[in-house]
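Data block below; observations after.
Here the structure is a predicted model, which is why all the values come from computation and not from measurement. Letters A, B, ... mirror the listed sequences (proteins, then strands); counts begin at 1.
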There are 2 protein chains.
Amino acid sequence: MAVSIRDVAELADVSVGTVSNVLNRPERVSEAVVARVHDAIRELGYVRNDAARQLRAGRSSSVGLVVLDARNPFFTDIARGAGDEASAHGVSVLLGDSDQNLEREAAYLDLFEEQRVRGVLVSPLGDEGERLERLRAHGTPVVLVDRRADGGVLSSVSVDDVAGGRIAVEHLLDLGRRRVAFVAGPLGIRQVGDRLAGAREAVGAVPDARLEVLEGASLSVFEGRRIGEQLLARDAAERPDAVFAANDLLAVGLLQALVMAGGLRVPDDIAIVGFDDIDFAEATIVALSSVRQPSRLIGQTALRILLEEADDPTLAPRQVVFQPELITRASSRPLR
Amino acid sequence: MAVSIRDVAELADVSVGTVSNVLNRPERVSEAVVARVHDAIRELGYVRNDAARQLRAGRSSSVGLVVLDARNPFFTDIARGAGDEASAHGVSVLLGDSDQNLEREAAYLDLFEEQRVRGVLVSPLGDEGERLERLRAHGTPVVLVDRRADGGVLSSVSVDDVAGGRIAVEHLLDLGRRRVAFVAGPLGIRQVGDRLAGAREAVGAVPDARLEVLEGASLSVFEGRRIGEQLLARDAAERPDAVFAANDLLAVGLLQALVMAGGLRVPDDIAIVGFDDIDFAEATIVALSSVRQPSRLIGQTALRILLEEADDPTLAPRQVVFQPELITRASSRPLR
DNA sequence: TCTCGTCGTTGAAACGATTCACTATCGGCA
DNA sequence: TGCCGATAGTGAATCGTTTCAACGACGAGA
């Protein structure tokens, strides 16, 4: 069943070493032999066995990418960026979706480590710095994406989430809003915590402003809708007049609940700002203001750093931090 | 640097065979030895080398999934479904994003074949039946997702796209619309062609109805916006009064161009129906009617069939076809 | 003619885990 | 006491590729 390099060698009447050379360094082999070997490969339908190749080489030519949520376009954009950069280097990206689930994240990290990938890009869920540093210590480069590494051992490519939270809420305060709600996902997620810290800073600078934190189980459309329904259930006077959502999925869910189901007016009754500026933000029922992150660039940069560290493990860790940008749309227009 | 089973054996003072047994069939080893081996593993930080394992085993414990567009939530939902089913079987899913690009698709298929994955799920871009049948002939099970296999050699899990196109356009015709445009992506993509065929059937049944086909370069939000701008540039009398978009991303782009930028009224001026019913469809500026596919179920089912075929390669190919369901929302409400 | 360098090719060792035939040990039973 | 079977552990062979020292052939230069 399985055709090996040995069969090819036999048919082409050369040694296995020569077949390997044809595959990997054809310039060392005479043209006639190259042609004969290629004929044999085609005739037998030979396909190289990557496991054997890796075993010998000691490492694979893939890198692993573990994202928090593959359904979030922000992360698929990161994956795109990483994929682009990877294919320019002849490397492929294996995508693992942790689905905001610690076990799955660990399972993918284990899998990638067992596969001896060139390196791992990961947007970690919690505080598994130790696990990641161990991975690094064992020789697998690790670059955090969308999260600043503070331990000092790992590199990271991230966005200044504190600044992002600050500019979002400053903007809401500039509109005259004073009762701001932060619709968080799980507060345990660092990015969420940082955005909250930024929001607090902004609120702290305005005497009569208040910040309410609504924690949620996940960063999803579904959860946004659930929280939106809770808000709707309140007396109108008890509702915030502005919401900063920890990401656009939550914001979209809020819009579904508040505007489409609840009949509230955005931004009149409640102004909303999201985070990530996904493609869909522009086409929501009320176009969504959002804090934009350069997602594709994040992916590209992270992959580049990862490959550099794989080539030279002695490189000092780097922290790249991009600045977020506020995109204002209808959902936070000033009232006349 | 690299710790092997041999080092563990030495430290634990047992043979390599025993270490392997501890890892794979611990019930055959005495408790004392199991404990000693585990201590050694921990002390050395040993991590199994998957390449060696696979080489010996002859196959990996991963399956490959090649999707047309990882940015389309429809495909990430399929991936989720496949991932759920896979983790129930102790298998992991490696996701490749072909980005509607034949070369990338081929590169991922090659990669997966070289990795000797258990099988491949693929939503093929064009008509590469031959390539896929060859893969199958070489011993790698292949299941098409979101596309019916007509050759009879491969299994597939899909949705009746012709029916989907038909119910979408019948619905538009029921609203009294007569000048229908099909905003297609690339017509070369089978699913698009099938949806068009369904649309034609529906239009053919109504004497004075007309169908116009607007071909696009890809199935993306961006392309939808571009086509929307073209429509806007026409005289109002020349515009269709209904649009059936080949997927929701196109429809979202159309909404951005027609409603947000162009000021047209939907559904009054133009009614719109999309395809896939992604999460965001419900929260667009005008809630989008769409043809729903059971995406998660498609992924699950495809993975189950794939594993069954991997276990028993003699199984006859199966074609599972789900029926799509029309979800009507504001974008195709009847006018009063 | 002899020697040297180059080019093309060879074949065996190595990568690390699994597997399987085999050995050693021990308790039970006649 | 002697034999049997069960149990625990051994270690060599194996998977398919890459790599590298070695080799033969051949042409150039002396």
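The side chain of B/V14 sits closest to D/dT10 out of D/dT17, C/dT18, D/dT10. In this structure, the nucleotide among D/dT18, C/dA17, D/dG9 sitting nearest to the side chain of B/I5 is C/dA17. Counting only heavy atoms from C-beta on, A/A52 has its side chain closest to D/dT17 among D/dT17, C/dG16, C/dT18. Minimum atom distance to the side chain of A/R56 is reached by C/dA14, of the listed D/dT10, C/dA14, C/dT10. Closest to the side chain of A/V33, out of D/dC15, C/dA17, C/dT9, is C/dT9. Of the candidates C/dA17, D/dT19, D/dG16, D/dT19 carries the atom nearest the A/N21 side chain, counting heavy atoms from C-beta on.
Note on B/T18: a base of the nucleic acid sits closer than 4.0 angstrom, heavy atoms only. Using a 4.0 Å heavy-atom distance criterion, A/R25 is classed as a sugar-phosphate-only contact. Within 4.0 Å (heavy atoms only), B/S4 reaches sugar-phosphate atoms of the nucleic acid but no base atom.
Atom CG in A/D84 sits 6.0 Å away from atom CD in A/Q300 (nearest 0.5 Å).
Between the side chains of A/S62 and A/Q115, not a single donor N or O lies within less than 3.5 Å of an accepting N or O.
One can place CG of A/L44 at 14 Å from P of D/dG16, the figure rounded to the nearest angstrom. Rounded to a whole Å, the CD atom of B/E114 is 13 Å from the C1' atom of D/dG16. Rounded to an integer number of Å, the gap from B/R28 CZ to C/dT23 P is 18 Å. Residue B/L23 contributes atom CG, which lies 6 Å from atom P of C/dT18 at whole-angstrom precision. Distance CZ (B/R59) to P (D/dG16): 15 Å, rounded to an integer number of Å. Straight-line distance from the CZ atom of B/R116 to the C1' atom of D/dT17: 11 Å, rounded to whole Å. As a whole-Å value, the separation of A/D13 CG from C/dT10 P is 8 Å. The CG atom of A/D50 sits 19 Å away from the P atom of C/dC15 (whole-angstrom rounding).
In terms of position on DNA chain C, the residue among A/S15 and A/R6 whose nearest nucleotide sits closer to the 5' end is A/S15. Both B/E27 and B/V16 lie near DNA chain D, and the one whose nearest nucleotide falls closer to the 5' end is B/E27.
An OP1 or OP2 oxygen of D/dT17 is reached within less than 4.0 angstrom by no side-chain nitrogen or oxygen of A/S20. Contact between the side-chain N/O atoms of B/R53 and the OP1/OP2 oxygens of C/dT18 is found at a separation under 4.0 Å. Contact between the side-chain N/O atoms of A/R48 and the OP1/OP2 oxygens of D/dT18 is found at a separation under 4.0 Å.
Looking only at side-chain heavy atoms (C-beta outward), A/S98 and A/L68 come within less than 4.5 Å of each other.
Summarising the geometry of B/A149 relative to B/L144, their closest heavy-atom pair is CB-CD1, 3.6 Å, with the distance given to 0.1 Å.
Taking 4.0 Å as the cut-off between side-chain N and carboxylate O, B/R318 and B/E308 count as a salt-bridged pair. Classification of B/E309 and B/R136 as a salt-bridged pair holds, one side-chain N sitting under 4.0 Å from a carboxylate O.
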